[in-house]
2 protein chains.
Amino acid sequence: MLDLARLRALHAVSVHGSVSAAAIALGYTPSAVSQQIAKLERETRTTLLERQGRGIALTDAARHLAATAQQLLAIVEEAETTLEEQRGQPTGRLVIGAFASAARGLMPVVLASLAAEHPSLDARLLEVDPHLSVDLVAQGVIDLAVAHDWDIAPLPAPEGQERAVIGEDLCDLLVPAGHPLARVAARRPLRREDLPGRRWICQPPGSVCHDWLVRTLRASGHEPDLAYQAAENHTQIALVAAGLGVALMPRLGRGPLPDGVLALPLEPVPVRRLYALWRPGAARRPAITETVRLLADLWPRRMS
Amino acid sequence: MLDLARLRALHAVSVHGSVSAAAIALGYTPSAVSQQIAKLERETRTTLLERQGRGIALTDAARHLAATAQQLLAIVEEAETTLEEQRGQPTGRLVIGAFASAARGLMPVVLASLAAEHPSLDARLLEVDPHLSVDLVAQGVIDLAVAHDWDIAPLPAPEGQERAVIGEDLCDLLVPAGHPLARVAARRPLRREDLPGRRWICQPPGSVCHDWLVRTLRASGHEPDLAYQAAENHTQIALVAAGLGVALMPRLGRGPLPDGVLALPLEPVPVRRLYALWRPGAARRPAITETVRLLADLWPRRMS
DNA sequence: GCTTGGATGCAGTAACGGTTAAAGGTACGA
DNA sequence: TCGTACCTTTAACCGTTACTGCATCCAAGC
């Protein structure tokens, strides 16, 4: 009787292309994977792996067997989902992928709640780039993604994935104390006309914050002066505190501002919307529904 | 990750209706099966078995899981067949069911050849009633059946099974020495007209030999006098030797006749045809094709 | 009542399946 | 050409698993 664990090892080797990569993916040492497959070869009396240079190559029989393994694993996963659904309690492993701010500002409290309320759920966190989250969900690397879009560039409904809105995250303009705009903001909310002509501190190109700034200012005919680029919020805040420029920053995960940095509201306020994404059908898992519920429930009200 | 061995245990319990029956079918002790399923219950955090009187009953979740297990096991069996086919050498377990005479007269030499030529094949023999063999093949209890029909009642091509002819087994009339028919047979072959009016020794009702006798004599307007009924050939021969009557007996597995018993040829000769039966697609297994080949090759020429 | 048949719990044991450490082999660079 | 780095495999070791055998418990039947 073929063993499922061994077939899973073969499948992992087939997918990742090497014994070591498969071992990492499975959480074993390469030695263990190698032995599993050697045992599978003995049991089936078939050569599955052939050494090719420094690595290995799968034989035809191995590729066919790996395809069968994939089929089996899909059925097993389906069965496990059904069991969890029937039981109604979150169980098993749930890998959540979240972008940096959500990982800092939202996930700790969510993960703590999950751990407290559902001890048999093994929830894990992976900080991922929001652009990659759709693919990572599809590939099965993560089961649930926390992603976001931006008011001027809504997230297209991902092909064959389901989603729910977690909440809306508002943006303020960070300025050093004593900045001219602080006096303006004391009288009225800042408008987009107030933004051109500043030295900007923002994220590197390719990030949504960067794009928002460029597109919004260009729409009013100006090219923003992106003088300082840093990925981390704290770095940006430090640059603002040093009086080097102004920054646009969402409230989620921003943390308390140091003395000498002010958060000024904008009108209309830039907003990004946070979503949870999962594979179609995965909502049958209580683990998914419960986590999505907690994400929305624990979404800080002050954000919106 | 659900374990296939445990799922197989659950499936066996589901099929056989009790832990002990499942254990027998799987070749374990009931304790082992009970522990397997207890572990499966812990892993899935689901109740699968409930005590019902002296036995057990499956929960809804267990029935659903057993159905999934069946699906998985079918895929695994298919994969194992493909592996054996690719390798081209008989391997794995092959359960052969044969009716009594074939088990005695044909299978020993076939099994010995298989064991000698294919050490990695685990061939097993089960003596089965020929009427049941079609069902047993369909149920998967046996992988290959050696069955037979009778010239006046050909075996209908079994629904959804494949077959091959092994050979033809001829029948003689056994009489005690000094019986009047012995003198007739010395001059010419016996004909059906010589048969009525004898005291018959034959198998119990329901067996093919019994049916052949009754139908053949009734066709010529006579009711046979079935004075002595015994299932075993040797018993019948002993009854003939004691001068109690005559018997019709196929040559396969008949063994040497004791002094005082003669085998007289009939014209036309009653003949039964031996078949090998297997599930459709199973012929992809070299184990099946090789065994069928040996069955036909080692079929004793003197029989036909 | 006792007996029978079946499921389960427990102790013991053999085999399995992992890790670490060391040993091939191959490609790449000095 | 040799050394190095990388990957796979092997060997030794060890904790865990998964059987068996036996005892126990429960329900049904005599």
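Being a predicted model, the structure only gives us computed values, none of them experimental.
Positionally, the nearest nucleotide of DNA chain C for B:Val19 lies more toward the 5' end than for the other of A:Arg54 and B:Val19.
Judged by distance alone, the side chain of B:Glu43 and the main-chain N or O of B:Leu2 form no donor-acceptor pair under 3.5 Å. Not one N or O on the side chain of B:Arg124 forms a donor-acceptor pair closer than 3.5 Å with the backbone of B:Arg93. A side-chain donor-acceptor contact under 3.5 Å links A:Arg87 to the backbone of B:Arg45.
Taking 4.0 angstrom as the limit, A:Thr29 places a side-chain polar atom (N or O) nearer than this to OP1 or OP2 of C:dT19. Phosphate proximity of C:dG17 to A:Lys39: present, with a side-chain N or O under 4.0 Å from OP1 or OP2. For the OP1/OP2 pair of C:dA7 and a distance below 4.0 Å, the side-chain nitrogens and oxygens of B:Gln52 include no atom meeting the criterion. A sub-4.0 Å separation between OP1 or OP2 of C:dG17 and a side-chain N or O of A:Arg6 is present.
Atom P of nucleotide D:dC19 and atom CD1 of B:Ile37 are separated by 11 Å, given to the nearest angstrom. Rounded to whole Å, atom P of D:dC26 lies 9 Å from atom CZ of B:Arg51. Whole-Å rounding puts the A:Arg42 CZ to C:dG17 P distance at 10 Å. Atom CD of B:Gln36 and atom C1' of C:dG9 are 16 Å apart (whole Å). One interatomic measurement links the two molecules: CD1 of A:Ile56 to P of C:dT26, which rounds to 15 Å at whole-angstrom precision. In this entry the distance linking CG of B:Leu4 with C1' of D:dA18 reads 16 Å, nearest Å. If you take CE of A:Met1 and C1' of D:dA18, they are 16 Å apart, rounded to a whole angstrom. Separating the CG atom of A:Leu40 from the P atom of D:dT9 is a distance of 13 Å, rounded to the nearest angstrom.
Within the 4.0 angstrom heavy-atom criterion, base atoms lie near A:Gln35. When heavy atoms are screened at a 4.0 angstrom cut-off, B:Ser31 is found touching base atoms of the nucleic acid.
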Chi angles and distances behind the side chain to side chain donor-acceptor pair (under 3.5 Å) call for B:Ser31, B:Gln35: CA-CA 6 Å; B:Ser31 176; B:Gln35 290 175 58; 2.9 Å; yes
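Note that CD of A:Glu41 is 4.5 Å distant from CG of A:Leu48, once rounded to the nearest 0.5 Å.
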